[in-house]
Amino acid sequence: MDKISQPKGTRDFGPAQMAKRSLIIDSIKKIFQRYGFQPLETPAMENLSTLQGKYGDEGDQLLFKILNSGDFLKNVNKQHLEAHNWKLITGDIAEKGLRYDLTVPFARYVVMNRHEITFPFKRYQIQPVWRADRPQRGRYREFYQCDADVVGTDSLVCEAEIILMIKDSFGVLGITDYSIKINHRGVLSAVAELLAASGKESSLFVAIDKLDKIGEEKVKEELIERGFESSSLPLLFEILTFHGNNQSKVEFLTQKFAASEKGKKGLTELTQVLELVKNFGADLAHVEFDISLARGLSYYTGCIFEVKINNVSVGSVGGGGRYDNLTAVFDSKEKSSGVGFSFGIDRLYDALEELNLFPPDAAASSTLLVAYLDNESFSYGLKIIRHLREQGIACEIYPDLTKVKKQMEYADRKKIPFVIVIGSDEVKSGLLSLKNMKTGEQHKLTHEQILDIVKK
RNA sequence: GCGGGCAUAGCUCAGUUGGUUAGAGCAUCAGAUUGUGAUUCUGAGGGUCGUGGGUUCGAGUCCCAUUGCUCGCCCCA
C-alpha cells in the first residue's frame with residue numbers, strides 16, 4: 001500500500017493543535033480590533049496577473065500556479081512549446097495562482113472598492129498563504145499570516161500603533177524576551193548613496209540583512225562577490241556596526257547623512273515614530289533601531305519592521321513596513337500610502353511551544369459524559385443531556401450501548417472531567433452517580449447538586 | 001536550483017567483522033474485573049527491513065541505482 005500523506009510543507013491541525021492555534025489567533029484578533037481594524041477575507045486564488053511581478057523574480061518562482069480547467073493545451077503557443085520554454089508555457093496554461101501573501105490581495109481589494117471604502121482604511125486579515133518553497137524547519141508551503149494594514153494615510157501614528165500592537169500581542173501571549181527591530185528605507189537608501197551603489201540597492205540590502213545571522217566577514221565576502229568595491233566596505237561597516245542606543249544611532253547617522261535628503265527624512269520619521277510611542281504613554285523596551293535590517297520585499301518605501309523572539313530557533317515571527325505605491329501597480333492614478341504588519345502564526349506557534357508558554361489545559365473538551373448500562377438508562381440519559389446543554393454545559397452521551405469500562409476509557413482519553421453513570425438504581429431513585437475523573441470520587445447526587453458542581 | 005543525513009511493526013528506535021525463525025518500548029485489541037477510566041498483571045495481533053539490481057554458500061547489515069523524508073544553502077513568515 002502506498003503511504004498516504006499530505007503534500008510536503010503542509011500540515012493537519014488536530015484538536016490539540018487547533019486549541020493552541022485558536023488561542024494565538026483569537027488573542028491577536030482581539031488586539032487588532034481594539035486598534036480599530038476590521039476583518040477582511042479574500043479568495044485563496046488570485047489572477048496570476050495580480051500576483052506576478054510584485055515579489056521580485058524569486059517571488060514569481062515561488063508562486064503556486066493553478067492549471068486551467070478543461071483542455072488547458074488549447075491556448076499553448078506552439079513556438080513556446082517547440083522552444084521548450086516552460087516559463088512562457090506556464091503563462092499559457094495557468095491564469096490563476098494561490099496567494100503569496102495578504103498584502104497584495106488587500107491592495108487589489110482597495111483599488112477595486114475605493115469608492116465604498118472609508119479612508120483611512122484599517123483592515124486585518126488572517127488567512128493561509130502559499131509558497132512553492134522548499135520546506136525546512138519553521139518554513140512551510142502553506143502557512144497562516146495575520147496581517148493588519150492601514151491604507152490612505154501617511155501618518156506615522158500608524159507605525160507607532162503597529163509597535164504597540166506587537167507589544168500588546170506578546171504581552172497577552174506571555175512572550176517577554178523579544179525585539180522589535182525598526183529601520184527605514186530612506187536610511188538604507190542613504191547608505192547606498194554613500195557607497196555610490198544606487199543601482200544595486202536590493203543586492204546590497206539582501207547582503208547586509210544577513211549581518212546578524214552570518215557575521216561581518218561573510219557579509220563582506222558576499223558583497224565583494226556581488227561586485228561591491230572593497231574600498232567602500234570600511235565605511236559601510238562603520239555604519240552597520242555602530243553600537244549605541246536608538247538616539248545615539250540617529251545622531252551618528254545624521255552626521256553621515258548630511259548630504260542625503262532621503263537619509264535625513266528617514267531619520268526624522270524614525271525619531272517621530274519612537275516619540276509617538278512615548279506619547280501614547282508606552283515605553284520603548286524591546287524597540288531597537290537596527291541599521292542592518294533590510295527585508296527582501298521590494299515594495300517598502302518607509303519604515304520597516306521585523307520581530308524576533310530571542311532564544312528560539314524559528315527566525316522572525318513577523319514583519320512589515322510602509323509602502324507608498326502598492327496600489328499604484330494596479331492603477332497608476334491610485335496613490336494610497338499604506339503601512340502594514342504581519343505575524344506568522346505558525347512560527348509564533350512553534351516559538352510558544354519551544355518556550356513552553358501554552359497553558360496546559362488549552363485543548364477544549366466536554367465537561368461531562370453520560371455513561372449508561374441499558375436502553376432504559378440511555379433514554380433517561382438523553383433527557384439529562386438535553387437539560388445540561390440548556391444550562392450551557394458542554395456534554396455528551398456515549399453513542400453506543402457498551403460496557404461502562406469502555407465509556408470511562410472514552411471520557412479519560414478525551415479528558416472529560418466528569419462522568420454521570422446511569423443504571424436502573426439511578427433511574428428509580430433519580431439520584432445520579434457523578435464521578436470526578438481527576439480524584440476518582442463518586443457520589444449519588446440530585447440534578448441540582450450536579451449542575452452546581454459542573455458549572456464551576 | 002545546490003549540498004549533507006536518514007529509511008527496520010501504527011509511532012520511537014535497537015539489531016554485534018554478513019550467519020538459523022528480525023527484537024524492545026509505546027500504541028492497539030482481548031482478558032484478570034458482566035456497574036467504573038488513568039495505575040497493575042496476563043495474553044494476542046501486527047514486518048515485502050523504502051524500491052530495484054549486484055557481491056556472497058548466506059544480505060536488515062556490503063556495493064550501485066532509484067524514490068521518499070529530513071537538515072542546511074539561495075530566498076523568506
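Every chain is numbered from 1, with letters handed out A, B, ... down the list of sequences.
A cation-pi geometry, defined here as NZ or CZ lying under 6.0 Å from the six-membered ring centre and within 45° of its normal, does not hold between A:Lys29 and A:Tyr124. Judged by the 6.0 Å distance and 45° axis criteria, A:Arg11 is positioned over the aromatic ring of A:Tyr140. Relative to the six-membered ring of A:Phe143, A:Arg347 misses at least one condition, a distance below 6.0 Å or an angle of at most 45° to the axis. The cationic atom of A:Arg123 (NZ for Lys, CZ for Arg) does not lie both less than 6.0 Å from the six-membered ring centre of A:Phe37 and within 45° of the ring axis.
Pairing for B:C6 is with B:G68, a Watson-Crick or G-U wobble pair whose two hydrogen-bonding atom distances lie under 3.5 Å. Base pairing of B:A59 is not made with any nucleotide, judged by Watson-Crick or G-U wobble geometry with both donor-acceptor distances under 3.5 Å. If you check B:A30 for Watson-Crick or wobble pairing at under 3.5 angstrom, you find it paired to B:U42. Remark: B:U17 base-pairs with no nucleotide in the shown strands. Criterion, Watson-Crick or G-U wobble with two distances under 3.5 Å. Under the Watson-Crick or G-U wobble criterion, with both distances below 3.5 Å, B:C73 is paired with B:G1.
The separation between A:Glu409 atom CD and B:A30 atom P is 8 Å, rounded to whole Å. Atom CZ in A:Arg134 sits roughly 10 Å away from atom P in B:G3 (whole-Å rounding). A straight line from CZ of A:Phe378 to P of B:G35 spans 19 Å, rounded to a whole angstrom. Across the protein-nucleic acid pair, A:Tyr410 atom OH and B:G37 atom P stand 17 Å apart, rounded to whole Å. B:G1 atom C1' lies 9 Å from atom CD of A:Gln61, rounded to whole Å. To the nearest angstrom, P of B:C76 lies 21 Å from CD of A:Glu142. Taking atom CZ on A:Arg139 and atom C1' on B:C76, their separation rounds to 5 Å, with Å as the unit. If you take NZ of A:Lys181 and P of B:C76, they are 16 Å apart, rounded to a whole angstrom.
No contact: A:Phe343 has no heavy atom under 4.0 Å from any strand. If you check every strand for non-hydrogen atoms under 4.0 Å, A:Glu426 touches a base. Across all strands shown, A:Lys414 has no heavy atoms under 4.0 Å from either base or sugar-phosphate atoms. Here A:Asp425 lies in heavy-atom contact (under 4.0 Å) with a base. At the heavy-atom level, A:Ser316 lies under 4.0 Å from the strands shown only through sugar-phosphate atoms. Across all strands shown, A:Arg99 has no heavy atoms under 4.0 Å from either base or sugar-phosphate atoms. Using a 4.0 Å heavy-atom cutoff across all strands shown, A:Gly440 reaches at least one base atom of the nucleic acid. A:Val421 comes within 4.0 angstrom of a nucleotide base, judged by non-hydrogen atoms across all strands. Counting any heavy atom pair closer than 4.0 Å across all strands shown, A:Gln442 reaches a base atom.
A salt bridge links A:Glu46 with A:Arg108: at least one charged nitrogen is closer than 4.0 Å to a carboxylate oxygen.
The side chain of A:Lys406 lies closest to B:A30, out of B:C75, B:A77, B:A30. Across B:U28, B:C75, B:A77, the shortest atom-to-atom separation from the side chain of A:Arg131 is found for B:A77. Distances were taken from every side-chain heavy atom of A:Val206 (C-beta onward) to each of B:A77, B:C75, B:U36; the shortest belongs to B:C75.
Take the nearest nucleotide of RNA chain B for A:Lys8 and for A:Ala207: the residue whose nucleotide is more 5' is A:Lys8. The 5' end of RNA chain B is approached more closely, in terms of each residue's nearest nucleotide, by A:Lys403 than by the other of A:Lys403 and A:Gly423.
A:Gln442 has its side chain out of reach of A:Asn436: every pair of non-hydrogen atoms, C-beta onward, lies at least 4.5 Å apart.
The separation of B:C26 from B:G60, taken at their C1' atoms, amounts to 22 Å, rounded to a whole angstrom. Here the separation of B:C64 from B:U20, taken at their C1' atoms, is 29 Å to the nearest Å. Distance check on atom C1': B:U39 versus B:U34 gives 22 Å, rounded to whole Å. When the P atom is used for both B:G23 and B:C49, the distance is 14 Å, rounded to whole Å. For the P atoms, the distance linking B:U21 with B:G25 amounts to 23 Å, nearest Å. Comparing the C1' positions of B:U56 and B:U17 gives an interatomic distance of 15 Å, to the nearest angstrom. Nucleotides B:U67 and B:A9 place their P atoms 22 Å apart, quoted to the nearest Å. Going from the C1' atom of B:G1 to that of B:C76 covers 16 Å, rounded to whole Å.
In this structure, A:Arg141 does not reach the B:C76 phosphate: none of its side-chain N or O atoms is under 4.0 Å from OP1 or OP2.
For the residue pair A:Glu396/A:Ser366, the side-chain donor-acceptor check at 3.5 Å is satisfied.
Each of A:Lys444, A:His443, A:His447 was checked for a side chain to side chain contact (heavy atoms under 4.5 Å, CB included) with A:Leu432, and the lone residue meeting it is A:His447.
Taking only distance into account, the side chain of A:Lys405 never meets the base of B:U36 through a donor-acceptor pair shorter than 3.5 Å.
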